[in-house]
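Order of the sequence lines sets the chain letters (A, B, ...), proteins ahead of strands, with each chain counted from 1. Values below: every heavy atom of this structure, side chains too, minus hydrogens, waters and symmetry copies.
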Amino acid sequence: MDVRLTYENGTIRVGAGGSDAGEPSLPPLPGVETDPRSGTPRAPAYRYAAIRRALAVAGVSVDDHVLDASDRAAADAGLPDALATDYELREYQREALDAWRDAGDRGVLELPTGAGKTVIAIRAMVELGVPTLVVVPTVDLLDQWQRELEAEFDVPIGRFGGGEQRREAITVSTYDSAYLKAESVGDAFEFVVFDEVHHLGGEGYRDVARLLAAPARLGLTATFERPDGAHETVAELIGERAYALSVDDLAGDHLAPYDIRRIEVELTPDERDRYDAKQGVFVEYVRDAGITFASGSDYQKLVRRSGNDPAAREALLAKSEAREIMMNARRKVDRLESILDRHRDDRVIVFTAHTDLVYRLSERFLLPAITAETGATERREILSRFREGTYGRVVAANVLDEGVDVPDANVAVVLSGSGSEREFTQRLGRVLRPKDDGGRAVLYEVVSAETAEERVASRRR
DNA sequence: TTGACTCAACATCCTTTGCTACAA
DNA sequence: TTGTAGGTTTCCATGTTGAGTCA
């Protein structure tokens, strides 16, 4: 018996081979179901590798055409000979890559920002020598990867995203463009790299991984686990976490040593009155309605309830106002003044959660500001002046957390932020590139005393 | 090519407590 | 009596991004 495998719009079609007519009697194959309309057995494309393994175990001979497009692309580009690198991996990078290869060329590497995840992926591309798709969350990262790959390899680099749709044997793509194109190019790559792979947990983005047939899959992130538990879906699509290092494993060695200093400020009497009143409305509603917050999704229940329960809506609005009061407290701004004084000669990034505060700080301390409203040109200008030293400090909302090439700094001030461990790790990562003078980095965390922010702050650590 | 705009998607959003209806 | 699941079928608000459209 002989089974024919083909790729079709994001699925693997399992059909009879040429040797005998009719449907073959198949061993149980992972993910394969019979399409009710056409009567054809097929599976989501990400099952391709598992199907191949199951058929091999059952001793079934296979007529495999799934990656024909990938093979043609490899031949056209002269792969694998065209891929080479002189770069020597550091010891932990080598260990990480070996762990991934031992896991069957599948899985996620969890390494802190600045640990050199890109070079590990490039080395993996050289070792596999097959057509590869690199998927990233932002256009900024798209540019960075394209530059790196063009510097390293002597082949044209394709690009999906930022207004360009050009496929090559080695191609970089945004998650959004990959989502739009996955069905039509799912058979053209044998290896796929997901940078900042935690994004793949999003409802829509996970389809990108489902529709690609690529058997080799590498996920890169600094923070694999997601509060909503969706990292389990990522593990199913990409593979389990194969290797992990924390910031502390590398600090002092390959990353700068650092201190975290927590500063508590009191609310002003007026802020305290308003905060207690608003927070009280929320807490009272939660208590009366008997809502518990046993799991993360319980908050969603409250939000849904607010759709037709005016009291729930009022409670949420009150909570939102209370949050704003504690996060933008007046004395945080006063405290920032003394921190900026103390670090006159250092390179400082100030992080906030709200854009209003960014502009207030920008006005009061004459700091260049970056928010979502800052255009691409102006943003590049500010970051480049920060890089060359014209600016010694910059203030930003959540913009600089991820996916942007931010110049080196040695002092971070978190005036406000969410309870997200990911956000905190990313912000810390902004000051951890090793310093020429071997100096320590410092992160200040400014928190309003006796507010919910104390809980928020401990959650993210 | 660019810039301004809209739209959709994603992420965070969290108190110190014990209800109510139904099935086994 | 005891133990367990409950329910919705999208979304109070703010911030951020990429893609697409149009001038």
Side-chain angles (χ1 to χ4, degrees), chain A residues 135-143 159-165 173-181 196 198-208 223 226-228 230 278-324 326-328 351-359 370-379 396-404 416-424 426 451-460:
Chain A
V135 188
V136 305
T138 64
V139 171
D140 210 82
L141 280 171
L142 197 69
D143 293 337
R159 180 177 161 115
F160 300 148
E164 234 181 293
Q165 302 292 325
S173 172
T174 59
Y175 277 85
D176 286 276
S177 285
Y179 176 75
L180 296 172
K181 291 202 77 96
E196 309 288 0
H198 47 271
H199 288 283
L200 209 54
E203 283 298 333
Y205 288 161
R206 56 183 72 170
D207 282 344
V208 177
T223 43
R226 294 170 49 115
D228 62 2
K278 295 295 179 186
Q279 180 77 1
V281 170
F282 177 75
V283 171
E284 200 174 316
Y285 177 83
V286 166
R287 198 179 46 231
D288 292 351
I291 294 170
T292 58
F293 290 96
S295 79
S297 64
D298 291 336
Y299 191 81
Q300 278 307 314
K301 282 188 206 156
L302 178 54
V303 172
R304 274 189 228 121
R305 214 162 158 157
S306 70
N308 49 15
D309 177 357
R313 184 178 144 74
E314 197 196 335
L316 278 173
L317 289 176
K319 178 68 198 169
S320 157
E321 284 175 59
R323 196 160 45 229
E324 202 163 323
M326 77 185 186
M327 283 187 161
N328 301 337
F351 295 99
T352 76
H354 290 104
T355 48
D356 284 1
L357 182 60
V358 170
Y359 293 126
I370 301 179
T371 70
E373 295 158 18
T374 313
T377 320
E378 191 185 351
R379 190 180 297 195
N398 304 317
V399 194
L400 301 184
D401 290 352
E402 181 193 280
V404 185
S416 57
S418 70
S420 157
E421 189 189 339
R422 169 164 303 121
E423 178 190 280
F424 187 77
Q426 282 162 342
T451 66
E453 197 171 32
E454 294 182 321
R455 235 190 339 268
V456 170
S458 56
R459 203 164 61 226
R460 63 188 170 217

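The shortest distance between the side-chain N/O atoms of A:Q279 and the OP1/OP2 oxygens of B:dT15 is below 4.0 Å. The side chain of A:R455 places an N or O atom within less than 4.0 Å of a non-bridging phosphate oxygen (OP1 or OP2) of B:dT15. For A:S306 and C:dC12, the shortest distance from a side-chain N or O to OP1 or OP2 is below 4.0 Å. Considering only side-chain N and O atoms, A:R304 lies nowhere under 4.0 angstrom from the phosphate OP1 or OP2 of C:dT9. In this model, the phosphate group of B:dC14 is not approached by any side-chain N or O of A:K301 to a distance below 4.0 Å at OP1 or OP2. Residue A:T377 places no side-chain N or O under 4.0 Å from the OP1 or OP2 atom of B:dT2. Taking side-chain N and O atoms only, A:S420 has no distance below 4.0 Å to OP1 or OP2 of B:dA11.
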Residue pair A:L357, A:M327: steps toward the side-chain contact (heavy atoms from CB on, under 4.5 Å) verdict: CA-CA 9 Å; A:L357 182 60; A:M327 283 187 161; over 6 Å; no

I'd like to know whether A:R323 forms a side-chain contact (heavy atoms from CB on, under 4.5 Å) with A:F282, so could you lay out the CA-CA distance, the side-chain angles of the two residues, the decisive distance to 0.1 Å, and finally the verdict. CA-CA 11 Å; A:R323 196 160 45 229; A:F282 177 75; over 6 Å; no

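B:dC13 sits 10 Å from C:dC12 when the C1' atoms are compared, rounded to a whole Å. The same atom, P, is picked in B:dA21 and in C:dG7; the two are 11 Å apart, to the nearest Å. As rounded to the nearest Å, B:dT1 and C:dT17 have P atoms that lie 23 Å from one another. Here the separation of C:dA5 from B:dT16, taken at their C1' atoms, is 23 Å to the nearest Å. Spacing of P atoms, C:dC11 relative to B:dT15, comes out at 23 Å, to the nearest Å. The gap from the P atom of C:dT9 to that of B:dC14 amounts to 24 Å, rounded to the nearest Å.
To the nearest 0.5 angstrom, A:N328 atom CG is 7.0 Å from A:D356 atom CG. A distance of 4.5 Å separates CZ of A:R305 from CD1 of A:I291, quoted to the nearest 0.5 Å. Atom OG of A:S177 and atom CD of A:Q165 lie 4.5 Å apart (nearest 0.5 Å). Distance CG/A:D140 to OG1/A:T174: 13.0 Å, rounded to 0.5 Å.
Rounded to whole Å, atom P of B:dA9 lies 11 Å from atom CG of A:D207. Between A:N398 atom CG and C:dT14 atom P there is a gap of 14 Å when expressed in whole angstrom units. Between A:E324 atom CD and C:dT14 atom P the separation is 8 Å, expressed in whole Å. Atom-to-atom, CD of A:E454 to C1' of B:dT16 comes out at 15 Å; the value is rounded to the nearest Å. The interatomic distance linking A:D309 (CG) with C:dG7 (C1') rounds to 15 Å, in whole Å. We find that NE2 of A:H198 is positioned 16 Å from P of C:dT16, with the value rounded to whole Å. Whole-Å rounding puts the A:N308 CG to C:dC11 P distance at 9 Å. When the C1' atom of C:dA19 is taken as reference, atom NZ of A:K181 falls 13 Å away, rounded to whole Å.
Contacts of A:S320 with the nucleic acid, taken as non-hydrogen atoms under 4.0 Å apart, are absent. Using a 4.0 Å heavy-atom cutoff across all strands shown, A:V303 reaches at least one base atom of the nucleic acid. When heavy atoms are screened at a 4.0 angstrom cut-off, A:Y175 is found touching no nucleic acid atom at all. Across all strands, A:R206 comes closer than 4.0 Å to no nucleic acid atom at all (heavy-atom distances). When heavy atoms are screened at a 4.0 angstrom cut-off, A:G375 is found touching no nucleic acid atom at all. A:A353 comes within 4.0 angstrom of sugar-phosphate atoms only, judged by non-hydrogen atoms across all strands, and of no base. The residue A:L302 sits apart from the nucleic acid: no heavy atom pair falls under 4.0 Å. Residue A:E314 is out of contact with every strand shown, counting any heavy-atom pair closer than 4.0 Å.
Heavy-atom nearest nucleotides on DNA chain C were determined for A:A372 and for A:L180, and the one closer to the 5' end corresponds to A:A372. Nearest-nucleotide positions on DNA chain B place A:G204 closer to the 5' end than the other of A:R323 and A:G204. Heavy-atom distances to DNA chain B give each of A:F282 and A:E423 a nearest nucleotide, and the one nearer the 5′ end belongs to A:E423. Between A:E203 and A:G163, it is A:E203 whose nearest contact on DNA chain C lies nearer the 5' terminus.
Distance from the side chain of A:L317 is smallest for C:dA13 among the nucleotides C:dA13, C:dC11, B:dT15. Residue A:D176 has its side chain nearest to C:dA19 when only C:dA19, C:dT16, B:dC10 are considered. Distances were taken from every side-chain heavy atom of A:R379 (C-beta onward) to each of C:dA13, C:dT17, B:dT15; the shortest belongs to C:dT17. Nearest to the side-chain atoms of A:V283 among the listed nucleotides C:dT17, C:dG15, B:dT15 stands B:dT15. Checking C:dT16, C:dC12, B:dC10 against the side-chain heavy atoms of A:L316 singles out C:dC12 as nearest. Out of B:dC10, B:dT15, B:dT12, the shortest distance to the side chain of A:Y205 is found at B:dC10.
The partner of B:dT1 cannot be assigned: no Watson-Crick or G-U wobble pair with both contacts below 3.5 Å exists in any strand.
At a threshold of 4.5 Å between non-hydrogen side-chain atoms, the residues A:Y285 and A:K319 do not count as touching.
Under the 90° criterion around 0 for the glycosidic angle, B:dT16 counts as anti.
Between the side chain of A:E196 and the main chain of A:P137, no donor-acceptor pair closer than 3.5 Å is present. The backbone N or O of A:T371 sits less than 3.5 Å from a side-chain atom of A:R379, completing a donor-acceptor pair.
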